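I have placed the structure first, in the form of structure tokens, so that the comments after it can refer back to it.
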2 protein chains.
Amino acid sequence: MARPRNFDEEDVLRKAMALFWSKGYESTSLAELLQTTGLSKSSLYETFGSKRELFLRAFQLYKKDRMDGLTEGLSHPDAYLALTNAFKTVLDGKGSQMGCMTANEAIELAPHDPKLQEMVESDFYNIEEVFRQTIERGKENGSLRAGLDARKIARFLTVSLQGINVMIRAQAKREVLEDFISVVLEKLNERE
Amino acid sequence: MARPRNFDEEDVLRKAMALFWSKGYESTSLAELLQTTGLSKSSLYETFGSKRELFLRAFQLYKKDRMDGLTEGLSHPDAYLALTNAFKTVLDGKGSQMGCMTANEAIELAPHDPKLQEMVESDFYNIEEVFRQTIERGKENGSLRAGLDARKIARFLTVSLQGINVMIRAQAKREVLEDFISVVLEKLNERE
DNA sequence: ATGGTTATGGACTAAACAGTCCATAATGGT
DNA sequence: ACCATTATGGACTGTTTAGTCCATAACCAT
């Protein structure tokens with residue numbers, strides 16, 4: 001019926017995501033987006049409408065990808081092992097150098113962009129929730145001590161993760177992050 | 001002998017700092033800088049050379065100001081009280097909404113700008129050091145338990161602070177941060 | 001008060017920016 | 001094979017960007 005697209009939308013979104021993730025929104029130019037996605041200007045505008053809309057869709061995809069990864073990483077029945085593993089993965093995972101796109105946008109865009117503030121906030125809340133559920137599960141099956149305040153510890157882990165993301169992006173020494181994570185994880189073990 | 005400047009250099013730097021702190025480097029235009037400092041273009045370029053050099057000087061001033069504030073906040077002889085107070089101050093302090101400029105630049109500029117990476121890294125190290133010294137002092141005068149690993153806990157506090165800065169900029173609910181800080185501070189109290 | 005010196009307003013530039021538009025290319029159904 | 005439809009390359013636009021430059025203004029020592 002009509003001429004077909006010669007690109008895959010999700011593929012393009014992932015390439016755009018990597019760029020925005022690495023450089024931020026403002027510092028990523030349309031020219032760069034065109035170059036790394038391989039799209040022409042018309043195709044990009046026809047398909048996504050504007051730089052901002054492209055960004056929003058890329059960011060949504062990031063949130064989904066990351067949440068899927070986190071949920072899967074936390075799926076181990078032993079909650080302590082699950083959480084330990086999740087935190088250690090952050091040091092060597094895919095976006096090891098780039099930190100977390102949500103943390104990046106929390107700093108770059110959230111303060112002056114209500115829409116993004118909301119997207120960032122909801123992502124942080126989702127992270128808190130998946131941590132909380134993991135902790136509840138651990139309390140139930142005995143892999144974490146019963147006295148833990150699940151919500152409080154979940155918030156502790158969520159904010160801790162953002163600290164790690166900042167340090168990663170600043171290229172902090174590995175030992176600093178290892179020390180940090182080891183102290184964070186002690187919180188899950190200690191007797192009161 | 002010659003026509004005098006009709007502005008105070010440090011005053012201008014502080015105004016520029018506030019702008020860069022709030023909006024980041026790229027998103028702050030020269031036009032805005034001129035408007036809020038009141039300088040003319042010629043004066044700004046004559047005095048500071050370029051947008052980047054102005055930014056660097058503003059950032060240096062920020063680092064100095066903040067380190068002075070932190071050192072003073074930690075001067076209380078009781079190290080536990082000193083640290084408690086320092087963390088609680090972050091919630092209501094001056095740049096309450098804007099987070100920490102160093103954390104902001106860690107995310108915006110450090111990954112692609114070696115000079116800034118270095119400035120950010122050294123700031124984080126200085127924070128770690130002032131925490132460490134406070135902890136050592138606490139161990140000596142009995143306000144903290146002797147078993148603490150000062151460097152490790154100092155790193156824990158440093159990274160924790162960056163987590164808080166991200167959340168503040170994302171306008172996280174106060175209770176989330178209060179929960180976080182309360183867990184962080186427990187680390188200073190607990191028996192092993 | 002005049003001259004040497006620096007500060008400053010404002011016109012100017014070149015490049016980069018996001019975004020628009022249209023003529024043409026490529027397709028698949030008939 | 002042709003038509004209706006959508007995709008695309010590339011020319012084009014208006015704005016904003018950081019930065020330059022020069023003629024003039026303001027000052028202070030003499």
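In what follows, chains carry the letters A, B, and so on, assigned in the order in which the sequence lines appear, proteins first and then strands, with residues in each chain numbered from 1. Keep in mind that this is a model prediction, so the values were computed, not measured.
Using a 4.5 Å heavy-atom cutoff, the side chains of B:Leu30 and B:Tyr45 are in contact. Side-chain contact between A:Asn85 and A:His76: absent, with no pair of heavy atoms (C-beta onward) separated by less than 4.5 Å.
Each of B:Tyr25, B:Trp21, B:Phe48 was evaluated against B:Phe55; a single residue qualifies, B:Tyr25, per the ring pair (Phe, Tyr, Trp, His ring centres under 6.0 Å) test.
No donor-acceptor distance shorter than 3.5 angstrom exists from the side chain of B:Gln97 to the backbone of B:Arg169, with no hydrogens or angles considered.
Residue-level contact check: B:Phe48 touches neither bases nor backbone, having no heavy atom under 4.0 Å from any strand.
In this structure, a donor-acceptor pair under 3.5 Å is absent between the side chains of A:Glu186 and A:Asn189. In the model, B:Glu129 has no side-chain atom that pairs as donor or acceptor with a side-chain atom of B:Asn126 under 3.5 Å.
Evaluation of the salt bridge (Lys or Arg N to Asp or Glu O under 4.0 Å) test over residues 63-89 of chain B, restricted to residues two or more places apart or in two chains, returns B:Arg14-B:Asp65, B:Lys64-B:Asp68.
The stretch residues 26-41 of chain A comes close to DNA chain C through A:Thr28, A:Ser29, A:Leu30, A:Lys41, each having a heavy atom under 4.0 Å from the strand.
In B:Glu118, the CD atom is not crowded: 12 or fewer heavy atoms of neighbouring residues, nucleotides or ligands sit closer than 6.0 Å.
Taking atom CZ of residue A:Arg5 and atom C1' of nucleotide C:dA25, one finds them 16 Å apart after rounding to whole Å.
When each of B:Glu46 and A:Gly49 is assigned the nucleotide of DNA chain C bearing its nearest heavy atom, the one mapping closer to the 5' terminus is B:Glu46.
Nucleotides of DNA chain D that come within less than 4.0 Å of any heavy atom of chain B span, from the 5' end to the 3' end, D:dT17 to D:dC28.
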